[in-house]
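Note that this is a predicted model, so its numbers are computed, not measured. Each chain gets a letter, A, B and so on, in the order its sequence line appears, and its residues count up from 1.
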Amino acid sequence: MAEGMDFAGLVDLGAGTVERAAFTDPAIFAAEQERIFARAWLFLGHESQIPEPEDFFTSRMGTESVIVARDRDGQVHALLNSCTHRGMKVCRHDYGKAKVFTCPYHGWSFSNDGRLAGVPGALVGVPHFDKAYRAELRREDWGLSRAPRLALYKGTIWASWDQRAPDFLDYLGDMHRYLDYALDARDGSPGGSRTVAGVQKWRVNCNWKFAPENFIGDMYHDISHRSVDMVGIGPAGGRGRRAAFRPRLAIGFPGRGHGLLGELPTTETEPYNDAWALYPEVNDWHRAAHEARMARLAGQPRVAMSVGTIFPNMSFHGRQPRTIAVAHPVSPTVTEIWRWCLEDAAAPEAVNEAARSYFLRYSGPGGMTESDDMENWSYATTASQGPIARRRPYNYQMGMGHARPAPGLREAVECGELTEENARIFHGRWADFMRGTPWPMQVPHAAE
Amino acid sequence: MPPNNALDRLLLRAEIEDWLLAEADLLDARRFRDWLALLHPDVRVAMPIARNLSPGLLEREERTQAGRDLMWVDEGYATLEQRVRQLETGVHWAEEPASRITRIVAGIRLLEVEGDRVLAGCRFVLHRNRLEDETDVLIGRRRDTLLREGEVWRLLRREVLLDQSVLQAKNLTMFL
Ligand code: FES
Ligand SMILES: [Fe+2]
């Protein structure tokens, strides 16, 4: 890695530009792995994927595979999926049940918990330990690397490789209120959501940052979706994808790199908007849930949102289709996107089925909306690689200098609906991380 | 009428094979409206997600389940027709300019014959080339249920089993 290279200088917030190299250059990509993905809080998956003790699933942190395992005591751990002997992937299953992971190369085995040898991931079995190693191998030094920080939040599982990372809730700041909106039950009771079984995983030839930068609040890319808007696939009926929604604002968290499209906290009661009008039974359930939410939270500031990003690569949709999308970096020009669908555990089958089928026609590679995003992200990446193309930075100047403190939120700004403020916030935070200064990375961005 | 002798069986298979190959021709020629006419109004197309699992689990859970889990595709006529309309807008960027697709449908066998209903199995190779150098190859197996209505057969069920677990194509804007 090019130590000391001024990667932060690729982002010029004063000019509203980001150099294209940030999206294409292998040295910068390598630096991102060390400086961002080895330090930030990353989304790993959902507890509903590992409901029982000894359940596990494999996930990714940056370019690397990790095992997310629930031990016998119910604790969740994130272990690097690379054998400490010769690097073999100790687990090649997407999910399953195991208390011990045995490496298929030479047979070292690692525990999923700390009972046998003190720490989760400990090396607990070495073939020919006595005969070949003469009992001299210090097994306690050769456990799987374990993410030192792990947080469970309303069913979601997050981890960081950096012991010094702030607490997860500090990392989120008031962004947590918008994440709550996605994770809480539709009637406003805390938590209560789960993932539909199965994860969509697919490769796109684009830089990973295109996905979070888009989901953080790019209302400007409507032309991308003109075809699906002409057809009209929303559950409210009619044209467009969001006919039933009130106007939204771009709300961002400058010192944190998170942002969303949604509403400011409000105590005003909102009427139900018939968002599921095509399915009367489902619509009735949502109306009742909406009214229950209004009653439960009466007098307290409530928020609502449609789409947002938690820095660096976790994005989510809070309304419908309610989803989580993570853009895993593979190379400067290849990204593996993972997609989950969220539903209320307590909702009737018809409600969840309507949500699932809307997800499938909207999101992911088979989604009529997102297929057009991916065409744009991949050819933007391709066409940005040449030496002449790289002479010009990307332009992020929309709405510069017009952000205002967001009323009712801490350390947040809003900048109207059509703005690139949130993308600037994302890249500003990217630059903070890319300076490589250790946590606490307090780089205050004044809320202009 | 179930075929009761070898010759009838052979003729029926030839008929179904013709149908599947003609369908492939329509899709590759982008005659999507004509293709829609081949579908039963109650058609369901399901493409589950394949997973990497240990032997015990693999038997039960190798692929996600239609009607319940996340899938690549799990839809009926209304959505299929919306996809055709989207392709017709001319501004569906993922397919404008249009991709060139050729699919090879082979190994067609009749797995079940029951009255006017036939379950046919086949294998497919779908090659998509797009713009200059974007190429996807999707390989898998299909199980198609066809229903005879008078003189014509209509597609009632399609199950698409793709080999890939992590999809190596950026989208699924083609009909499989
Ligand atoms: S690589 Fe795992 S035991 Fe040798
Ligand atoms: Fe989009």
Side-chain angles (χ1 to χ4, degrees), chain A residues 57-58 91-98 195-206 223-233 278 323 334-341 349 352-353 356-361 363-379 382, chain B residues 45-58 61-76 78-97 99 130-134 136 164-176:
Chain A
F57 65 87
T58 44
C91 176
R92 291 156 303 135
H93 299 138
D94 295 346
Y95 63 88
K97 217 171 183 57
T195 53
V196 176
V199 185
Q200 291 183 335
K201 306 173 182 179
W202 76 104
R203 297 271 173 122
V204 186
N205 291 329
C206 71
I223 189 176
S224 293
H225 300 303
R226 184 157 294 166
S227 64
V228 77
D229 287 341
M230 286 163 76
V231 173
I233 63 168
L278 280 186
T323 76
V334 179
T335 299
E336 187 169 306
I337 306 181
W338 286 26
R339 196 109 210 202
W340 292 256
C341 179
E349 206 181 308
N352 286 338
E353 177 51 24
R356 187 190 72 100
S357 65
Y358 187 37
F359 171 98
L360 293 177
R361 68 181 183 270
S363 310
M368 295 168 67
T369 303
E370 295 185 348
S371 57
D372 287 325
D373 286 316
M374 293 179 287
E375 177 81 359
N376 285 319
W377 304 342
S378 60
Y379 284 101
T382 303
Chain B
V45 177
M47 185 168 163
I49 300 171
R51 302 186 277 212
N52 303 293
L53 299 173
S54 62
L57 272 178
L58 191 71
E61 302 181 21
E62 177 168 7
R63 291 173 196 269
T64 55
Q65 267 193 35
R68 191 191 76 181
D69 298 345
L70 272 207
M71 304 274 287
W72 294 122
V73 175
D74 189 4
E75 62 199 21
T79 304
L80 292 163
E81 196 271 338
Q82 287 175 332
R83 290 185 189 279
V84 169
R85 270 194 281 148
Q86 185 181 28
L87 288 160
E88 288 169 345
T89 62
V91 290
H92 180 19
W93 312 121
E95 289 296 334
E96 189 289 315
S99 303
R130 166 155 192 71
L131 297 175
E132 291 90 14
D133 57 1
E134 187 177 346
D136 297 302
Q164 293 172 4
S165 163
V166 176
L167 181 69
Q168 305 294 308
K170 73 178 192 288
N171 65 40
L172 290 167
T173 49
M174 71 294 274
F175 295 102
L176 278 146

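With a 4.5 Å cut-off on non-hydrogen atoms, A/E336 touches chain B through its side chain but not through its backbone. Of the atoms belonging to B/Q164, not a single heavy atom falls under 4.5 Å from chain A. Using a 4.5 Å cut-off between heavy atoms, A/S378 contacts chain B through its side chain alone, with no backbone atom that close. Contact annotation for B/L53: both backbone and side-chain heavy atoms come within less than 4.5 Å of a heavy atom of chain A. Residue B/A78 does not touch chain A at all, counting heavy-atom pairs closer than 4.5 Å. Using a 4.5 Å cut-off between heavy atoms, A/I223 contacts chain B through both its backbone and its side chain.
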inquiry  = salt bridge (Lys or Arg N to Asp or Glu O under 4.0 Å), that's the test. Do B/D74 and A/R356 meet it? Break it down for me.
reply    = CA-CA 9 Å; B/D74 189 4; A/R356 187 190 72 100; 2.7 Å; yes
ask   = Does the side-chain contact (heavy atoms from CB on, under 4.5 Å) test come out yes or no for B/E88 and A/S227, once each step is laid out?
value = CA-CA 9 Å; B/E88 288 169 345; A/S227 64; over 6 Å; no
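Here A/R361 pairs with nothing under the salt bridge (Lys or Arg N to Asp or Glu O under 4.0 Å) rule; sequence neighbours left out.
Salt-bridge check for B/K170 with A/E375: passed, with a basic side-chain N closer than 4.0 Å to an acidic carboxylate O.
Side chain of A/Q200 to backbone of B/M71: a donor-acceptor contact under 3.5 angstrom is found.
We find the CG-OG1 distance between A/D229 and B/T89 to be 10.5 Å, quoted to the nearest 0.5 Å.
Counting heavy-atom pairs closer than 4.5 Å to chain A, the top-ranked of the candidates B/Q168, B/R83, B/E75 is B/R83. The candidate from B/L131, B/T64, B/L57, B/V73 with the greatest count of non-hydrogen atom pairs under 4.5 Å with chain A is B/L131.
Within the 4.5 Å cutoff, the side chain of B/V91 has heavy atoms near those of the A/M230 side chain.
A/P365 approaches B/W72 most closely through the heavy-atom pair CG-CZ3, 3.4 Å.
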